[in-house]
Amino acid sequence: MGKQSLPHPLRTRIVPFRIALPLLLWLLSLSSLPAQTTSVSALTIPLVLPSAIAFDSAGNLYFAETGNHVIRKVDTNGNLTTIAGTGTQGFSGDTGPATSATLDSPQGLALDSANNLYIADTHNHRIRRLNLTTGFITTIAGTTSGFSGDGAPALSAQLNLPTALAIDASGNLYLADTANHRIRRIDASTGLITTIAGTGTQGYSGDGAAVLSAAIDSPTGIAIDPSGNLYLADTHNHRIRKITSSTGLITTIAGTGLPGFSGDSASASAATLALPHGLTADASGNLYLADTANHRIRRIDASTGLITTVVGDGTQTFSGDNGPPTAASLDSPTATSLSPASSLTLSDTGNQRIRQVETQPAGSNITTIAGLGSTTPGALTLTAPSAIAYGTGQLTANLATSTADNTATGSITFLATTSVITKTLGTAPLVSNTATFSTTTLPAGAYSLTAIYSGDQTHPSTQSPPLALTINPQQLTATTDPIFVLYGQSIPRLSGTLTGVLPQDAANLTVAFTTAATTGSSAGTYPVTPALTGPTAGNYTIAAPYPSLTITPAGTVITLSNLVATGTTGATGSTGSAFTLTVHVASTTTGTPTGSVTLLDGSSPLFTNPLSSGDAVFLTSLLAQGSHTFTAVYDGSTNFTPSLSAPQLITVGTGPPATPDFALSATGSTTQTILSGSTASFTFAVQTQNSLSSPITLAATGLPNLATASFNPATLPPGATPNSFTMTIATPTTVATNSPSAHGLYRSFLAGVLLVCPLARAALRRRKHHLTATKLIILAIAGVTLTLASGCGARINSDPQLTSPAKSYTITVTGTATSPTGSPLQHSATVTLTLDPAS
C-alpha cells in the first residue's frame, strides 16, 4: 500500500510540519520583548510557536520560540528572559553576543555538560552553539541549503532544514537533517560530520537492515536512551524507529505507517500515529513522543513495548489546566522533555504555551508554565463575517476595559492560520479600544484568525478566541471574440480577456484558453476552457458559462464531367447510346466529402449515388432524343456544405429506330461485408424506354455456396413503375450437413437396380422362379436403401468455402425481358459481397 502523500513539513518559512495549527504569530513591540538582562513572569508574555525544550541540571528551562526567532529561558522562579535572537528573522551575529544575533525559525535545542546550548537554526540551515557562560554564539555546522560534507568538518557541510537535536554521553551531537531525510552526527572530538541513518531518499524502507540502507521521511525528533540506542520520529512515515547501538540495525517500534489514532494499552508497533515529532527518553528507557496531529503525548514502555496516552484527550483546543493531564486538551504539540525532577514538559505549540505535568499527592496535574497562562474571557474579541470574497472585508478587534473612559494604548496584532502556515497579518493601533485590519490582501482559503494585545501599563496582555473565516475566490468573467473555424482548418491560437481582476493582481495573473477541438474535429460547438496561472491564480475562479468555439461545415466544389457516349468522343450521341457521367466533390479546406450525389436532368432527378473517395459515376442509355441539361447536386454532410455543379449539355440525335428496352444499375452501397449466417440487401434501379411491354424477371448468379437470393418485388411488371427493386441475400452458417443430394440418391438406387436386373431378366426368360426374381428385386431395393441409410447419418462437416478466411463474391444480377419480336432482352449489374466466417 502506498504511503499517504503529505506536503513537506518544513517547506514554509515558519511552520515545521503540515497540520492544521491555530499557531498564533504576532510581533512583540520593543517594550514587550525582554532583553537578556530583563526578566518578566513567563505567564504574562504571549508566545509565538514555542517548539524545542531543554533543561539544565539546575532546572532552568530553555525553549525555542520559532515564530519570534528567539531562544527563551525560564528560570526556576518562573521568570522569562531572551538569551538569543533579536526577534528579527535573519542570519547574523556569529562570534558576538547571542542577544544581538539574528536567527530564522529555530526548532531544535540540546544542552551539553559544558554549559553549551546547541540551536538548530532551521531556516538558516545551520547548527549554532551558544555558550551560556559567555553569552556568545557561533556556527558549528552548515553553510547553505543542500546536502554535502560527510566525512569533513561540519562547518563546511550543507544541511537542509535541520530540526531536532540530541547529545550522547560522549558529547557527540546528533541532528535531524529533515529535508535531507537523514540523521547526521557531529563528532565531539574531531568536529567531523557523518550520516548515520537514511539514504537521502524520501520514503520508507530498510527495517531489520543496516541503518544506512534505510529510507526515512522528514524526521523531526531524536532521543538517545541510557544504553546508547537512538530513536527517531520518522514523521511523514507516522512511525517511531529505533537504531540499536550494538547492531546498527533499524527497526520500527511504533506506528503502522497509516496516519490515525489507535492502539493505546497495546503493542506500540500495532498502534497508529499521526505526524509524530519531539522525543524524550527517561532514565529507565521509557520513550515519550509528541503525537502531533493526534494532539496527545504518548509513552512507550521500555520493558513491555506497550503504548499509552499520558497527556491530552485528542481534542484540538486548550483546556484542562490544573486537572488530570489525560483530560486536558492540546493543540498540535511538537516537543517533549523531562525536568531534573522528572516532570514531563511539552510544547503545546498551537496553544502558544509550555505546559508541564506535575505529580502531586492527589495525582498528576497539568499546568501552563510559559505563555499566557490565563486571559480574561471576553476581554478581546475579534469579529468578521464567516465568509467573504477575496479582495474584500476587514477584521475588527474590540478590547473591553473596566470602565468606559479607561482607554487602552498600543496596538493589536492580527494573525491568520491555515492548514499550511501561520503568519502575522500585521498590526493596527487601538482607537477607542477598537482596531481594524483590512483583509483585502489575504489569499483565498480557510483561516483561523486571532488578535493579540501586548498590554500597556494599566492593561494586561490578552488574546482573542479564534475566529473562523473563509475567503472565497473572486469570480471573474472570461470572454473571447467569436471563434468560427471551417472544418479541416487549423485551430487558431485562442485568446481572450478577464473581467474582475483586482488591480493589485493584474501583473500576477494570466489566463490561457484551451479547447478539445483539433484540426479534423467534426463540425459542432466546443467549449473553450480558461485556465488561470500566476502567483494569485488561487484567489480567483472563472464563472460559467465559458466561451465556445464553433467548427462550421467546409464548403465544397462539385464538378460534372466525362459526359461521353459509347462510340463517340463527346457529349453527343444517338438514341440508345450509353452515356457515362462522372461527378467529383472536393472540399475547400481539407478532407474528403462523404454522402451522396443526385443527378438531375433539367429539374428531374435521375439517380442518387453514394460518393466514394469524393467521386460518383452515373451510367445511362435511356436518354430521349433532344437536348438534356444535366446538373449534379451534393446533398452535404455533417462536415461539408451542399453544392451544385455547373450545367452540362448532352444532345441525343436521331439513331436507329427506337426499340423498347431497359437499363439496370446498382444504387446505394454496392459493396458490403457481413458475417456468415446473416443477410445483406442491395438496391437497384431500372429505367425502361420506348414503352417496354414485357415484365422483367430477375436472377442472381455468383452467390456464396448455399446462399439464397430473393427480390422485392420478385418481378417488375410492364411500364415505368416500380423503377427499383431490392435483392436480399441470406447466407448460411459456417457449417453444413454433408447429406447426399437427391440426385446422388437416385444414382445410387439406379446402380443397385442394374446390379440385380440381369438375374431378374434371366428368371423371367425361363418363365420360372418368378417369385424368386421378384424377391431379388425387392432385396436389391432394400439393400440399396440400407446402403443409402448407412451413408446418410447425421455427419456435420465444415464447408471449406465457409470456414476459410473472409472471401469476396461478385454477384451478377440479371434482368430478362422480351422484345416485341420475341427476342430476349437482358441487362446486368454487379455488386460485391464479402463473407466473414461466423465465430
Side-chain angles (χ1 to χ4, degrees), residues 1-12 15-21 51-52 105 107-108 120 122-123 125 145-147 150 158-166 174-185 195-223 230-244 248-261 263 268-279 287 289-294 298 300 332-335 419-421:
M1 182 178 295
K3 179 168 64 65
Q4 181 179 359
S5 176
L6 291 171
H8 194 283
L10 288 168
R11 287 183 182 146
T12 65
V15 179
F17 47 90
R18 181 198 181 274
I19 51 176
L21 291 179
S51 56
S105 311
Q107 295 171 31
T122 303
H123 281 277
H125 312 289
S145 174
F147 174 76
D150 267 3
Q158 285 180 297
L159 311 178
N160 196 350
L161 298 174
T163 55
L165 302 176
Y174 297 81
L175 63 104
D177 196 356
T178 304
N180 280 325
H181 314 291
R182 291 173 166 93
I183 305 298
R184 303 175 82 176
R185 181 180 69 187
T195 294
I196 66 159
T199 62
T201 299
Q202 184 177 17
Y204 173 74
S205 68
D207 262 7
V211 68
L212 286 175
S213 65
I216 55 182
D217 189 348
S218 313
T220 58
I222 304 177
L230 185 143
Y231 302 85
L232 63 100
D234 197 353
T235 303
H236 276 184
N237 283 322
H238 312 288
R239 290 174 165 94
I240 305 299
R241 303 175 81 177
K242 175 183 178 181
I243 302 171
T244 304
L249 303 181
I250 187 170
T251 55
T252 293
I253 65 165
T256 64
L258 295 176
F261 174 75
S269 61
T272 53
L273 314 176
L275 296 173
H277 280 67
L279 304 179
L287 189 67
L289 63 105
D291 196 357
T292 304
N294 281 324
R298 301 174 83 175
I300 302 173
S332 311
T334 59
S419 61
V420 176
I421 189 174

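Just so you know, these numbers use all the heavy atoms, side chains as well, and skip hydrogens, waters and symmetry mates.
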A.B. asks: Please report the closest heavy-atom contact between I222 and A166, naming both atoms and the distance.
C.D. replies: CG2-CB, 3.7 Å

A.B. asks: Would you check if the side chain of T235 reaches a backbone N or O of P276 as a donor-acceptor pair within less than 3.5 Å?
C.D. replies: yes

A.B. asks: Got H238 and T256 here, is their nearest side-chain heavy-atom distance under 4.5 Å?
C.D. replies: no

A.B. asks: Identify the heavy atoms of Q158 and D177 that sit nearest to each other, and give their distance.
C.D. replies: O-OD2, 4.3 Å

A.B. asks: Using a 3.5 Å distance criterion without hydrogens, assess whether the side chain of N180 forms a donor-acceptor pair with backbone atoms of L159.
C.D. replies: no

A.B. asks: What I'd like to find out is whether the side chain of I250 reaches to under 4.5 Å of the side chain of K242, using heavy atoms alone.
C.D. replies: no

A.B. asks: For I196, what residues pass the side-chain contact (heavy atoms from CB on, under 4.5 Å) criterion, not counting sequence neighbours?
C.D. replies: Y174, I183, R185, T194, L230

A.B. asks: Under a plain distance cut-off of 3.5 Å, with no hydrogens placed, do T163 and T220 share a side-chain donor-acceptor pair?
C.D. replies: no

A.B. asks: To check you understand the geometry: which heavy-atom pair defines the closest contact between L232 and P219, and what is its length?
C.D. replies: CD1-CB, 4.5 Å

A.B. asks: Locate the shortest heavy-atom distance separating A290 from A335; write the atom from each residue and the value.
C.D. replies: CB-N, 4.0 Å

A.B. asks: For the residue pair S51 and Q107, what are the closest heavy atoms and their distance?
C.D. replies: OG-CA, 3.8 Å

A.B. asks: Do you know which two heavy atoms are closest between A52 and G108, and how far apart they sit?
C.D. replies: CB-CA, 3.6 Å

A.B. asks: Does D217 offer a backbone N or O that forms a donor-acceptor pair with the side chain of H236 under 3.5 Å?
C.D. replies: no

A.B. asks: CD1 of I216 to OG1 of T201: how many Å apart, nearest 0.5 Å?
C.D. replies: 10.5 Å

A.B. asks: To the closest 0.5 Å, what do you measure between CG (D207) and CG (L249)?
C.D. replies: 10.0 Å

A.B. asks: Any heavy-atom pair between the side chains of N160 and T178 that's under 4.5 Å?
C.D. replies: no

A.B. asks: Mind checking the OH-CZ spacing from Y204 to R241? Nearest 0.5 Å is all I need.
C.D. replies: 5.0 Å

A.B. asks: Report yes if some heavy atom in the side chain of T252 is under 4.5 Å from a heavy atom in the side chain of I240; otherwise report no.
C.D. replies: no

A.B. asks: Looking at CZ of F261 and CZ of R298, how far apart are the two atoms once the value is rounded to the nearest 0.5 Å?
C.D. replies: 4.5 Å

A.B. asks: Go through the structure and list residues passing side-chain hydrogen bond (donor to acceptor under 3.5 Å, both in side chains) with S269, not counting sequence neighbours.
C.D. replies: S267

A.B. asks: Go through the structure and list residues passing side-chain hydrogen bond (donor to acceptor under 3.5 Å, both in side chains) with R182, not counting sequence neighbours.
C.D. replies: none

A.B. asks: Between the side chain of T272 and the main-chain N/O of L258, is any donor-acceptor distance below 3.5 Å?
C.D. replies: no

